[in-house]
Amino acid sequence: MEKMTKYSPSEIEAQWYTYWMDHNFFASTPDHRTPYTIVIPPPNVTGVLHMGHMLNNTIQDVLIRKARLQGYNACWVPGTDHASIATEAKVVAKLKEQGIAKQDLSREEFLEHAWAWKNKYGGVILEQLKKLGCSCDWDRTAFTMDPKMSESVIKVFVDLYNKGLIYRGNRMVNWDPEALTTLSDEEVIYEERQGLLYYISYAISGTDATLTIATTRPETIFGDTAICIHPEDERFTHLHGKKAIVPICGREIPIVLDPYVDMEFGTGCLKVTPAHDVNDKALGEKHGLEIIDIFNANASLNANALQYEGLDRFEARKQVAKDLDLGGFLIKTEPHLNKVGTSERTKAVIEPRLSDQWFLKMEELAKPALKAVLEDQEIHLFPKKFENTYRHWMENIRDWNISRQLWWGQQIPAFYYGPTKEDFVVAETAEKALSLAQEKSGNKNLSLADLKQDEDALDTWFSSWLWPMSVFNGVLEPENEEIQYYYPTNDLVTGPDILFFWVARMIVAGYEYRDTKPFTNVYFTGLVRDKQRRKMSKSLGNSPDALKLIKDYGADGVRVGLLLSAAAGNDLMFDEALCQQGKNFANKIWNGFNLIQSWEVADIPQPEAAKIAIEWYREVFNKTLLEIEDHFSKYRISDALMAIYKLLWDDYSSWLLELVKPPYQQPVDRETKNQLLHLLENNLKILHPFMPFLSEDLWQKMAVRSPEEALIVSTWPKSAKEVNNALLSDFETAQQIVSGVRTIRKEKQIPNKEVLDLFQFSETETSHTMNAVVEKLANLNPVQQTQAPVAGALSFRVASVEYFVPIAGAIDVSAEIKKVTDELHYTQGFLKSVEKKLANERFVSNAPEKVLAMEKKKQSDALAKIETLKQSLVYLKG
RNA sequence: GGGCCCUUAGCUCAGCUGGUUCAGAGCACCUGCCUUACAAGCAGGGGGUCACUGGUUCGAACCCAGUAGGGCCCACCA
């Protein structure tokens with residue numbers, strides 16, 4: 001027989017996404033409702049969907065869909081980030097393939113290529129998010145280099161400059177010799193690398209003596225402008241005031257004294273290279289040393305390195321070491337573990353380099369942002385542990401290097417009009433700059449042609465830190481309706497890796513420009529790793545193809561798979577098996593739906609079992625709903641999903657549906673079917689945020705619905721605060737009885753078809769409200785009461801009540817005796833421990849009332865149980 | 001070098017203010033079943049010295065100290 005027992009997601013997913021889009025269900029405009037806003041962490045325009053995005057955006061979609069159901073005006077703003085360094089690198093690579101070098105292009109020409117590239121590939125990742133089911137308001141799709149966004153960025157730059165917070169300085173910066181730009185401190189990743197410590201001998205001028213320094217970078221000797229020793233180092237007092245001679249180049253350099261030098265490290269003598277090390281720069285300034293830069297921009301050596309000019313720095317290191325050795329200057333080398341800074345983007349080893357850069361003073365700006373999170377609790381971080389990290393960074397915040405030697409990005413609005421580096425003005429436009437320049441220079445004859453704009457672009461994060469404001473045009477028009485309505489946003493869902501890059505800075509910008517937080521809750525997802533705990537990366541090839549996953553398991557299945565493994569802030573081990581679990585779950589629900597649909601309806605009375613089951617399920621549903629809401633309030637998204645999973649699989653499918661199921665090929669009563677459909681509707685509502693496609697599909701299949709009645713815009717069920725615990729507990733007892741009978745069936749291999757008897761042994765009358773449930777699920781004749789144990793019957797106990805199932809010839813008396821005896825001994829032992837506790841005066845006097853009462857109940861229960869066990873033994877032994 | 005966090009079943013993880021929701025969940029596993037929605041399933045079942053050592057307490061997975069292992073963040077030691 002052909003049966004439709006398989007759910008195939010791919011067919012319906014596209015259909016429902018189109019339906020939602022066609023009816024503008026994702027769109028939001030300000031209205032009388034309370035807004036619920038999320039701004040997407042804008043992925044790089046160069047990006048393709050990876051597992052991190054999938055997780056991140058699934059969580060956002062769950063939150064936004066739930067809010068929408070709850071009646072909020074849900075607004076999820078999508079967009080992309082221009083990612084200056086990553087994108088520029090891609091465009092440069094692409095041009096290179098076409099035989100075009102960046103240097104051969106003008107800034108304008110290059111930007112044309114970049115925009116063409118962006119327009120062609122920039123939307124890919126957003127299209128992929130649609131496949132995942134993300135219900136973003138696509139009409140609001142923003143890009144960090146949109147005209148208004150860029151204008152906002154420039155406005156903020158000018159404003160901060162005018163406030164005296166932006167300055168230009170010649171500073172040691174992190175230079176990426178591959179991307180040919182500076183990086184902020186946060187973009188530098190330190191790695192431990194095994195290297196060598198070279199001991200190099202320097203002659204002392206005018207004497208036969210020498211001194212030995214230890215360095216990891218022998219190639220930098222050409223930049224040496226001093227040797228530094230500790231003033232109190234008694235080994236070197238004879239060197240005070242002397243000069244040393246740099247090997248190979250023979251230059252004479254002073255020997256200076258400074259307590260900075262660690263006498264314990266190396267030889268106690270330090271060579272000073274102010275152009276290529278932050279500390280050396282400080283020493284240089286202190287002692288008035290010369291600065292000799294020996295590197296080109298690509299980190300090859302320049303003319304200052306004499307015959308090594310043009311050599312790459314690592315090649316030069318080998319060569320210089322070799323030559324030093326030949327010349328007798330290299331005393332020895334020893335292995336040395338040192339930390340090497342590398343570029344987050346290009347992986348190139350960072351070269352500390354002195355250059356003119358723009359900086360933003362952070363100290364004052366950070367203060368309100370620090371207070372808001374830690375003191376005022378205006379913003380909550382989930383998990384909370386990130387508050388420590390946040391505090392540490394904000395309290396030790398350093399100035400932000402915001403200039404990049406790139407073209408792709410907002411060009412710094414500083415205009416030079418004169419011969420010196422200080423002859424510049426900062427303004428939104430060249431026209432404004434001109435009048436400022438005329439004023440500043442006193443030269444009214446300056447024209448636009450005399451102005452030269454700074455070549456650098458701004459750090460990408462200098463635009464994304466405004467994102468929650470700028471997507472609502474809140475920077476240019478701070479009073480506009482949209483920003484007033486949607487801001488502050490509600491939740492931000494992102495990875496902890498950009499806590500400093502982005503999250504902290506958005507908070508800073510929010511307080512500076514709107515005097516309030518940009519969002520209330522920040523949910524940090526973990527890193528997605530593979531089963532072996534390795535970080536997912538392109539180079540390892542361990543990152544599954546997101547679209548293929550969706551194709552194989554359905555978007556709903558993948559969403560469930562990701563969420564099931566994702567506790568907030570913990571890394572998650574992604575395993576495709578979880579997507580399979582998600583897909584199985586979808587199929588389970590789909591089948592249950594088909595089952596109900598297949599039943600004929602008749603006007604017949606409602607069976608008792610169905611009536612009880614439905615009442616019970618209402619309670620379970622309500623209880624679960626309360627749990628789910630509690631989970632959501634703590635951002636425990638996976639726990640919320642698991643609660644729904646168990647509700648639908650166990651309570652709904654295994655218990656409720658089994659109980660209401662009509663006998664084979666017979667109709668169901670109208671009452672039951674109607675009630676069931678209502679329960680199903682509620683199930684679909686709470687399922688919808690997690691599995692939007694399946695839930696909408698079934699919702700639409702169960703009734704003819706107008707667009708206004710679509711599930712996506714329906715209402716989240718209301719929970720009753722009262723839970724009928726008596727009903728729940730009675731039902732649970734019934735479940736245990738059913739389970740007891742099933743265990744006996746299993747042990748004695750009695751088929752389910754065979755109808756059995758069940759005796760409830762009880763001296764007093766007990767309630768029978770659940771008998772119909774037990775009889776239906778365990779396939780029993782009406783449950784009978786008995787005043788005495790049933791001889792020759794198998795038995796089990798639920799709570800302290802004993803049940804008997806008579807089975808002809810199946811009973812092994814001696815085995816039963818052993819079973820009961822074992823249980824008796826165990827219970828006696830248990831009683832003993834309880835009584836010992838109760839006999840302990842200190843326990844009785846210290847333990848709270850509640851605990852004491854509990855112990856006493858344990859005692860009386862155990863005593864009662866021992867009685868029935870003893871009686872059983874008597875009967876068994878005949 | 002400074003700071004933060006983690007270690008509970010084979011795996012991934014819950015476990016709130018110390019006490020019957022304290023030893024849990026999902027998956028995996030084992031044993032029966034192609035049973036009348038679903039084998040992508042049903043029913044039943046076995047798994048843990050709560051990292052280790054001490055302490056506090058009537059009582060510790062939970063609090064304290066130490067040890068071992070793992071992770072994260074920050075920091076310029078040549």
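Reminder, nothing fancy here: chain letters follow the sequence lines and each chain counts from 1.
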*Look at Asn584(A) and G41(B) and indicate whether a side-chain polar atom (N or O) is within less than 4.0 Å of OP1 or OP2.*
yes
*Who are the side chain to side chain donor-acceptor pair (under 3.5 Å) partners of Arg217(A), not counting sequence neighbours?*
Glu219(A), Glu351(A)
*Base, sugar-phosphate, or nothing for Lys646(A), non-hydrogen atoms under 4.0 angstrom?*
sugar-phosphate
*If you measure from the P atom in G3(B) to the same atom in G66(B), how many Å do you get, rounded?*
13 Å
_So, under a plain 3.5 Å distance rule, would you say the side chain of Lys588(A) forms a donor-acceptor pair with the base of C38(B)?_
yes
*Evaluate the ring planes of Phe500(A) and Trp393(A), with Trp represented by its six-membered ring, and classify them as parallel (under 30°), tilted (30 to 60°) or perpendicular (over 60°).*
parallel
*Give RNA chain B the dot-bracket treatment, 5' to 3': Watson-Crick (N1-N3 with N6-O4 or O6-N4) or G-U (N1-O2, O6-N3) under 3.5 Å, [ ] crossing, | other strand.*
(((((((..((((.....[....)))).(((((.......))))).....(((((..]....))))))))))))....
*Establish, with yes or no, whether the OP1 or OP2 oxygen of C27(B) is under 4.0 angstrom from a side-chain nitrogen or oxygen of Trp649(A).*
no
_N/O (side chain, Tyr645(A)) to phosphate O (OP1/OP2, C27(B)) under 4.0 Å_ = yes
*Just compare A78(B), C38(B), A14(B) and give me whichever is closest to any side-chain atom of Asp639(A).*
A14(B)
*Base, sugar-phosphate alone, or nothing: which one does Glu658(A) contact when heavy atoms must sit under 4.0 Å apart?*
base
*May I have the distance from Lys385(A) (atom NZ) to C74(B) (atom P), rounded to whole angstrom?*
14 Å
*So what does Val261(A) touch, heavy atoms closer than 4.0 Å: a base, only the sugar-phosphate, or nothing?*
base
*For His287(A), check side chain to side chain donor-acceptor pair (under 3.5 Å) against everything at least two apart and list the hits.*
Asp258(A)
*Look at Arg391(A) and C4(B) and indicate whether a side-chain polar atom (N or O) is within less than 4.0 Å of OP1 or OP2.*
no
*Rounded to whole angstrom, note down the P distance from G18(B) over to C27(B).*
33 Å
_Looking only at side-chain N and O atoms, does Asn174(A) offer a donor or acceptor that is under 3.5 Å from a partner on Asp185(A)?_
yes
_Spacing of Glu344(A) atom CD relative to C74(B) atom P, expressed in whole Å_ = 10 Å
*Residue pairs involving residues 640-663 of chain A (criterion side chain to side chain donor-acceptor pair (under 3.5 Å); sequence neighbours excluded)*: Gln581(A)-Tyr645(A), Glu658(A)-Lys661(A)
*Considering only side-chain heavy atoms of Asn752(A), which listed nucleotide, C77(B), C27(B), U35(B), is closest?*
U35(B)
*Looking only at side-chain atoms of Arg742(A), point me to the closest of A43(B), A75(B), C58(B).*
A43(B)
*Between A37(B), A78(B), G26(B), which nucleotide has the shortest distance from any of its atoms to the side chain of Ser653(A)?*
A37(B)
*What nucleotide, of A37(B), C77(B), G26(B), holds the atom closest to the side chain of Asp262(A)?*
C77(B)
Name the pairs: protein N/O against N/O of nucleotides 29-33 of chain B, kept only if under 3.5 Å.
unit_1	atom_1	unit_2	atom_2	d
U31(B)	O2	Lys746(A)	NZ	2.4

*Polar side chain donor-acceptor pair, Tyr617(A) to Asn683(A), under 3.5 angstrom*: yes
*Does Ser739(A) have a side-chain nitrogen or oxygen under 4.0 Å from the phosphate oxygens OP1 or OP2 of G44(B)?*
yes
*Among the candidates A43(B), C74(B), G26(B), find the nucleotide nearest to the side-chain atoms of Met642(A).*
G26(B)
*The side chain of Tyr260(A) lies closest to which of these nucleotides: C38(B), C77(B), G44(B)?*
C77(B)
*Other residues, nucleotides, ligands: >12 heavy atoms within 6.0 Å of Glu600(A) CD*: no
*Which nucleotide sits closest to the side chain of Leu657(A): C74(B), A37(B), G45(B)?*
A37(B)
*Exercise: do Asp224(A) and Tyr202(A) side chains pair donor with acceptor under 3.5 Å*: yes
*asked:* Side chains of Tyr198(A) and Glu334(A): any donor to acceptor distance under 3.5 Å?
replied: no
Sub-3.5 Å pairs of nitrogen or oxygen atoms, protein against nucleotides 15-20 of chain B:
unit_1	atom_1	unit_2	atom_2	d
G15(B)	OP1	Arg636(A)	NH2	2.5

*Ile589(A) versus Phe585(A): any side-chain heavy-atom pair under 4.5 Å?*
yes
*From the options C58(B), A37(B), C38(B), select the nucleotide whose nearest atom is closest to the side chain of Arg842(A).*
C58(B)
